[in-house]
**Q** 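Sharing a structure with you now.
Naming convention: chains lettered A, B, ... in sequence-line order (proteins, then strands); numbering from 1 in each chain.
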Amino acid sequence: MHMADALLSPALGGTMWAVTGATIIYCSQKIKHSLDDRKIPLMGVMGAFIFAAQMINFAIPATGSSGHLGGGLLLAILLGPAAAFLTLASVLTVQALFFADGGLLALGCNIFNLGFAPCFITYPLIYQRITKGRLTAGRLLFGALAAAIIGLQLGSLGVVIQTNMSGMLSLSFSSFLLLMQAIHLPIGIVEGLITAGVVSFIWRARPEILDRSGAEQALGQLPLRNVLIGLVVATILTGGLISWFASENPDGLEWSLLKTTDQQELPLPATGIKAPLQKLQDQTALLPDYGFRQENQTGTDLTGAKTGTTVAGLVGGAIILLFGLLLGIILKKSGKHYGRQNR
Amino acid sequence: MSHHIVEAKDLEFTYPDQTPALQTISFRIHHGESVAIVGANGAGKSTLLLHLNGYLSPTGGQVRIGDYPLTKETLREVRRTVGMVFQDPDDQLFMSTVFDDVAFGPLNLDLPVDEVTARVDKALATVGLSHLKERPPHRLSAGQKRRVAIASVLSMSPDILVMDEPTSGLDPRARRQLIELLLSFHHTKIIATHDLDMVVDLCERTIVMHEGQVKADGPTSAIFADPELLESCCLEKPLRMQGCPICNK
Amino acid sequence: MAGKIDNVFNDIGRLEMLAEQNSPIHRLDPRAKLLVTIFFVLTVVSYDKYAIADLLPFFLYPAMIIGLANLPVGYLLKKLLIVSPFVLFITIFNPFIDREIMVELGPLAISGGWISFASLLLRFSLTVGAALLLIATTGFPAVCGALDKMGAPRILTVQFLMLYRYLFVLIEEGIRMIRAHALRSFSRSRPRYRVYLQLLGNLLLRTLDRAQRIHLAMLSRAFSGEIKTVRQFNFGRAELLFLLSATGTFIILRATHLTGLLGSLILEIVR
């Protein structure tokens, strides 16, 4: 669920960068004051581990597809929330720089979406609450599954909100949301299973590692801030979902009807099962015939008014491109004799 | 003057899970001596070495480095004095360039930047790798990594060099170069190793360990001339002393 | 599966070697290059969703850098073409949804959806390309050094450097594990769930052990909690020139519609 630079408006990207940046600074301070200098090498190699682990796929039986570890929850379990967030941030940055996984502007969003929920919400509020003090196989599995699934759902919610607020994508909010949530449900399950499996492996082989890391944040010392954030998010999520399903005339539907059929209202069967089913179908259908919300609301003549789409514009652009190409070639040819640096 | 003496007195160490590792180890190593510590795997060689720079604290007995008993206050000075080189150079070279790794120690000693740079240059020159100053460690060969690890310790100007399996994993030429390099050092050297032929070249004194105890401590030539001792400690003679390859005597 | 990890290995290695070359661009202070890259990305991203022609001049920047720094074009293009599948997956919806005709090129009527699609791809290439160029002309450790010097938290930059350092070590361990598995599993190329957990768990244990040994090595060199580095950078006239000319160009391009003007001019002449 990596976002891409191109889907993001600069305003939103900048905002998310600010949020992520602030979180990173908070984490750095927290780690600096934690007096445990073992963290530094541990974070480094754990980051490398997550990186390598993400490249190892395993076969999901009966589906013919493969899955791999995401890592946010596992990191939080082994390193504690602040160190885990930083480590994940570093992994995503290296991926963005070297493998074009999203891009530089979207990096702020990606770190937030993939890291904030597992580290600061689902790990303390779900996983720790379930497994605190009494780590059994059942609790581990349940805790990991719940934390992973919810963490990923929250993360994908973040992606949808950010994309929607950027306005670069012509997909409506509700359809995109449903798409993302649906995709990330199985991913969350897989993540929970893998995390539980690996943690139980460690638990059997070297239980003292878990004792040491788990002692980081006893529930009693949980900062109020985290708890509040969790409550707010949960409230929004449930409130939004409930009202969306329950409402008679969701805005998106009415408006898209207006756009495509030029009618004020499509007569719906007043009673019976058909009404809600019809609504559901309209909301989940993905093909344009069933009515999507149009991104562009002005509806006026666009030729020429928008930058860059005129014929003249294209001609000019082609010329400049050609020029650039020639310049590049000339420069390259003249610079062929560069050797290695000796600094 | 009692500086540069490494001394263990009835050293004992038991792991937290109650496995005994070292029992009543006593020895005294003087300035400039070159001492090998040999023994089977699990004999306690590495555990002993980890006491020499204070990473492990004895559960009984005492370790002294020079004038200092090993305590919290003297730890930093001890770690400057005792330069430790470990088995896996990848664990030891954790910075992003050779220069940074070799500068790590002096920087931790709060030396001024000019001094640090001078020491790095000198250390790299000593091991013959000045041209690799800006190279990232993962692009070095095994032999080069070994030498950079040594340089990273030399830059702290230690008086005592402690090394754990310095020749393991090296090809013959790299191994030979390493031995030559170590021969040129005047530091006190304590080397835990399986490479008994290197011991013959490098160390005039050998300590034999077996199951956490010192079984023998004396001149290398005498130790390797005692087949029963070697046998009882799961060792054998260095290859070069193992009889004529042709007539097998 | 080992193939994918292997490729990563060689790929980063190749980028690293490119970064060690000696060219006027390579010799610039990393802070200048970092700032220019950030500015470039910000400018490109600030365009609206239908911008195409206005984006085209921005390809001058990669062209110039590639030329001045003597970078291999084919290699960089190939990296760019391996576009993140997610982007394609999402943006491919645009042409289906945004159907209003916006432009007519002779007999061809192009809808807004296709234009925004193309625009997205252009923007993606530019921004991702800029990041690649930064690494290929500066090297990751130097970029981290620049960040550190510019005020980023030390813990973060140290984390980057250490991650980078041990990336190769861990990837190699991962490769060895996968190969060992592949050699004993005949027809099955990807491990089953249970085996996978063992593989991952073992790798994790080895990683944790390694962390402990590294910590030991750090302590043995008098480490007391804070990593200190010596980095000598030089921000001089060349850097200032680079910074000002690049950002100046970006600002001018952003503020005007050069391509439109140029194109109109040409078309006038032609008629």
**Q** For B:Leu50, which atoms come within 4.5 Å of any heavy atom of chain C: side chain, backbone, both, or neither?
**A**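 Looking at B:Leu50, just its side chain touches chain C.
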
**Q** Do you know which of B:Val78, B:Val85, B:Leu93 has the most heavy-atom pairs under 4.5 Å to chain C?
**A**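 Looking at each option in turn, the highest pair count goes to B:Leu93.
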
**Q** Among C:Ala222, C:Cys144, C:Gly145, which residue has the highest count of heavy-atom pairs closer than 4.5 Å to chain B?
**A**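 Top count of heavy-atom pairs under 4.5 Å with chain B: C:Ala222.
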
**Q** Side chain, backbone, both or neither: which part of B:Leu107 has an atom under 4.5 Å from a heavy atom of chain C?
**A**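 Answer is both: backbone and side chain atoms of B:Leu107 are under 4.5 Å from chain C.
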
**Q** Restricting to non-hydrogen atoms, name the atom on C:Ala217 and the atom on B:Phe86 that form the minimum distance, rounded to 0.1 Å.
**A**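 Residues C:Ala217 and B:Phe86, closest heavy atoms: CA-CE1, 3.8 Å.
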
**Q** Taking all non-hydrogen atoms of both residues, which atom of C:Met218 and which atom of B:Phe94 are closest, and how far apart?
**A**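 So the two residues come closest at CG-CZ, 3.4 Å.
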
**Q** Between B:Ala149, B:Gly83, B:Pro137, which residue shows the highest count of heavy-atom pairs closer than 4.5 Å to chain C?
**A**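 Of the candidates given, the most pairs with chain C belong to B:Pro137.
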
**Q** Quick check on the interface: out of C:Leu216, C:Leu161, C:Ile227, C:Leu167, who has the most heavy-atom pairs with chain B under 4.5 Å?
**A**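 Max contact count across the listed options: C:Leu216.
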
**Q** Between chain B and chain C, are any donor-acceptor pairs under 3.5 Å, and how far apart is each one to 0.1 Å?
**A**
residue  : atom : partner  : partner atom : Å
B:Asn53  : ND2  : C:Ser220 : OG           : 2.9
B:Asp90  : O    : C:Tyr166 : OH           : 2.7
B:Asp90  : OD1  : C:Arg165 : NH2          : 2.8
B:Asp91  : OD1  : C:Arg210 : NH1          : 2.8
B:Asp91  : OD2  : C:Arg213 : NE           : 2.4
B:Asp91  : OD2  : C:Arg213 : NH2          : 3.4
B:Gln92  : O    : C:Arg221 : NH1          : 2.8
B:Leu93  : O    : C:Arg165 : NE           : 2.6
B:Leu93  : O    : C:Arg165 : NH2          : 2.9
B:Asp101 : O    : C:Arg221 : NH2          : 2.8
B:Asn108 : ND2  : C:Arg221 : O            : 3.1
B:Asp110 : OD1  : C:Lys228 : NZ           : 3.0
B:His138 : NE2  : C:Glu16  : OE1          : 3.2
B:His138 : NE2  : C:Glu16  : OE2          : 3.2
B:Arg139 : NH1  : C:Glu16  : OE1          : 2.9
B:Arg139 : NH1  : C:Glu20  : OE2          : 3.4
B:Arg139 : NH2  : C:Glu20  : OE1          : 3.4
B:Arg139 : NH2  : C:Glu20  : OE2          : 3.2

